[in-house]
Enquirer: 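Okay, handing you the structure first.
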2 protein chains.
Amino acid sequence: MSESPSPRWLDADERETWLAVISLTIRLPAALDRQLRRDAGIGHFEYQVLAGLSEAPDRTLRISELAEFADGSLPRVSQVVSRLERRGWVRRGSDPTDGRYTLATLTDTGWDKVVATAPGHVEQARRLVIDRFDPAERARLREFADRITAASADRHDGLPSR
Amino acid sequence: MSESPSPRWLDADERETWLAVISLTIRLPAALDRQLRRDAGIGHFEYQVLAGLSEAPDRTLRISELAEFADGSLPRVSQVVSRLERRGWVRRGSDPTDGRYTLATLTDTGWDKVVATAPGHVEQARRLVIDRFDPAERARLREFADRITAASADRHDGLPSR
DNA sequence: CGTGTTCACTTCAAGATGCAACCGACGCGG
DNA sequence: CCGCGTCGGTTGCATCTTGAAGTGAACACG
């Protein structure tokens, strides 16, 4: 209780950058969701789960691996897998080597769904991001994004303050 | 129905960039929400609404202006304003010059809330983003973000076919 | 005026999320 | 073996978001 109540404000320039980044984090996911929802009837998160499975050996992953891959909480992934299971795209099973794990496996129908959906999604990824940057810019973009992501992952969130 | 079924895939490099950007759009908003929720009991969206009002003349904006400012749908903003109203931070009123508009006004209590919340939020913005880039990088970051945001805003989402 | 349309907003139902409590499956110490 | 803590997942609940339908105020046209 002896700190400066008002920290360094953002100047006009910093503010613009901040707003630009915030806008990005809102509009890009929204655009991805729209395209997927419209063309494939699934959200981006569900797509990530399906895509993750489609690339895994035996098209199978543990729920927890899936959660890490798709950047989601365990309850959320569990829910999503249930939904995908209901739609016939994923099958649940428990890991023979350790009954605590649950394995999610992509069905053949699920595989078909991914194959049908991926091209449109990749096209969107290109149109919204990838194709708008030349290789040098891309490297920089990636580095910038990683920098922010790393900071955000820091469980150092609040004001533990110095 | 006579196109290439499989478009240009992403190569390893492009893929990395893509994943980095996606990660950013998931982790940064999550980190912002965590800090605000924890320190102020509100989400980032609610904060944006309050902040928008706090900077507006008379601390007042139309719901629709608020929606545009905060990047949210009209129903969502309407709901949020109701919530904020219940908490005593915002007051509703109809526009005398055109009864169709609804004006949202920040109360004094609401102003205090913003004043109390802003420093922590700005600090977070600095730690996660702003302070990690020197001025030249910041300009570039902003330009990159704008490029993607502009593309995402394009109502050109899906596969307009052809 | 009167009818119809547009506009800004609100409401409602359905679906999605996060959080916290809960549950069964290991694994280790005794 | 038994008991206990841990680990991965699941479930329940409270909240939030979304999309569609509804409301009422202004305008437009005959």
Side-chain angles (χ1 to χ4, degrees), chain A residues 25-27 29-38 41-50 53 60-87 90-105 155 157, chain B residues 25-27 29-38 40-49 53 60-87 90-105 155 157:
Chain A
T25 64
I26 293 174
R27 295 222 163 104
L32 290 175
D33 264 351
R34 268 201 307 277
Q35 184 267 321
L36 281 170
R37 188 76 63 189
R38 181 149 65 62
I42 59 179
H44 183 235
F45 189 76
E46 288 166 284
Y47 177 78
Q48 294 246 75
V49 168
L50 292 176
L53 291 176
T60 297
L61 282 177
R62 295 169 175 172
I63 299 283
S64 43
E65 293 171 321
L66 221 37
E68 187 186 1
F69 175 85
D71 266 320
S73 65
L74 249 142
R76 188 182 181 186
V77 173
S78 180
Q79 267 300 118
V80 168
V81 168
S82 300
R83 247 180 279 152
L84 298 176
E85 212 176 2
R86 248 175 269 132
R87 299 235 235 167
V90 170
R91 203 176 27 248
R92 240 186 257 258
S94 85
D95 189 332
T97 73
D98 186 335
R100 285 172 298 186
Y101 292 97
T102 303
L103 301 177
T105 305
R155 266 317 166 279
D157 285 330
Chain B
T25 65
I26 293 174
R27 296 221 162 104
L32 290 176
D33 264 352
R34 269 201 305 276
Q35 183 267 321
L36 281 170
R37 188 77 62 190
R38 181 146 67 60
I42 59 180
H44 183 236
F45 190 76
E46 287 166 285
Y47 177 79
Q48 293 244 74
V49 167
L53 291 177
T60 297
L61 282 176
R62 295 170 174 170
I63 300 283
S64 43
E65 293 172 320
L66 221 36
E68 186 185 3
F69 175 84
D71 266 319
S73 65
L74 223 75
R76 188 182 181 186
V77 173
S78 179
Q79 289 268 66
V80 168
V81 168
S82 299
R83 248 179 278 152
L84 298 175
E85 213 176 2
R86 248 175 267 134
R87 299 234 235 169
V90 170
R91 204 178 26 248
R92 241 184 253 258
S94 87
D95 189 333
T97 74
D98 187 333
R100 284 172 300 185
Y101 291 97
T102 304
L103 301 177
T105 305
R155 266 318 166 275
D157 286 329

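Predicted model, so just to flag it, every value in this text is computed and none were measured. Note on naming: letters A, B, ... go to the chains in the order of the sequence lines (proteins, then strands), and numbering restarts at 1 for each one.
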Enquirer: What string of B, S and - do you get for nucleotides 3-13 of chain D, 5' to 3', if B is base contact, S is sugar-phosphate-only contact and - is no contact with any protein heavy atom under 4.0 Å?
Expert: ----BSSBB--
Enquirer: Go through the structure and list residues passing ring-ring contact (aromatic ring centres under 6.0 Å, His included) with F45(B), not counting sequence neighbours.
Expert: none
Enquirer: Send over the distance from L32(B) CG to dG18(C) C1', rounded to a whole Å.
Expert: 17 Å
Enquirer: Answer yes or no: is there a donor N or O on one side and an acceptor on the other, between the side chain of D33(B) and the main chain of H44(B), under 3.5 Å?
Expert: yes
Enquirer: Tell me, please, which residues at least two apart from F69(A) pass ring-ring contact (aromatic ring centres under 6.0 Å, His included).
Expert: none
Enquirer: Rounded to the nearest Å, what distance is computed from the CD atom of residue E68(B) to the P atom of nucleotide dA8(C)?
Expert: 12 Å
Enquirer: Could you pull out all residues at least two apart from R92(B) that satisfy side-chain contact (heavy atoms from CB on, under 4.5 Å)?
Expert: I63(B), S78(B), V81(B), S82(B), E85(B), T102(B)
Enquirer: Using whole Å, what does the distance between atom P of nucleotide dT11(C) and atom CD of E85(B) come to?
Expert: 10 Å
Enquirer: List the residues meeting side-chain hydrogen bond (donor to acceptor under 3.5 Å, both in side chains) with S94(B), not counting sequence neighbours, and say none if there are none.
Expert: none
Enquirer: dG18(C) P sits how many Å from R38(B) CZ, rounded?
Expert: 18 Å
Enquirer: Excluding sequence neighbours, so at least two apart, what forms side-chain hydrogen bond (donor to acceptor under 3.5 Å, both in side chains) with R83(B)?
Expert: none
Enquirer: Taking CG from L84(B) and P from dT10(C), how many angstroms apart are they, rounded to a whole number?
Expert: 13 Å
Enquirer: In whole Å, I'd like the distance from the CG atom of D33(A) to the P atom of dA16(C).
Expert: 11 Å
Enquirer: Whole-Å distance between dT11(C) P and R83(B) CZ?
Expert: 14 Å
Enquirer: With nearest nucleotides of DNA chain C determined for V80(A) and D98(A) from heavy-atom distances, which residue corresponds to the more 5′ nucleotide?
Expert: V80(A)
Enquirer: Provide, to the nearest angstrom, the distance between the CZ atom belonging to R76(A) and the P atom belonging to dT17(D).
Expert: 13 Å
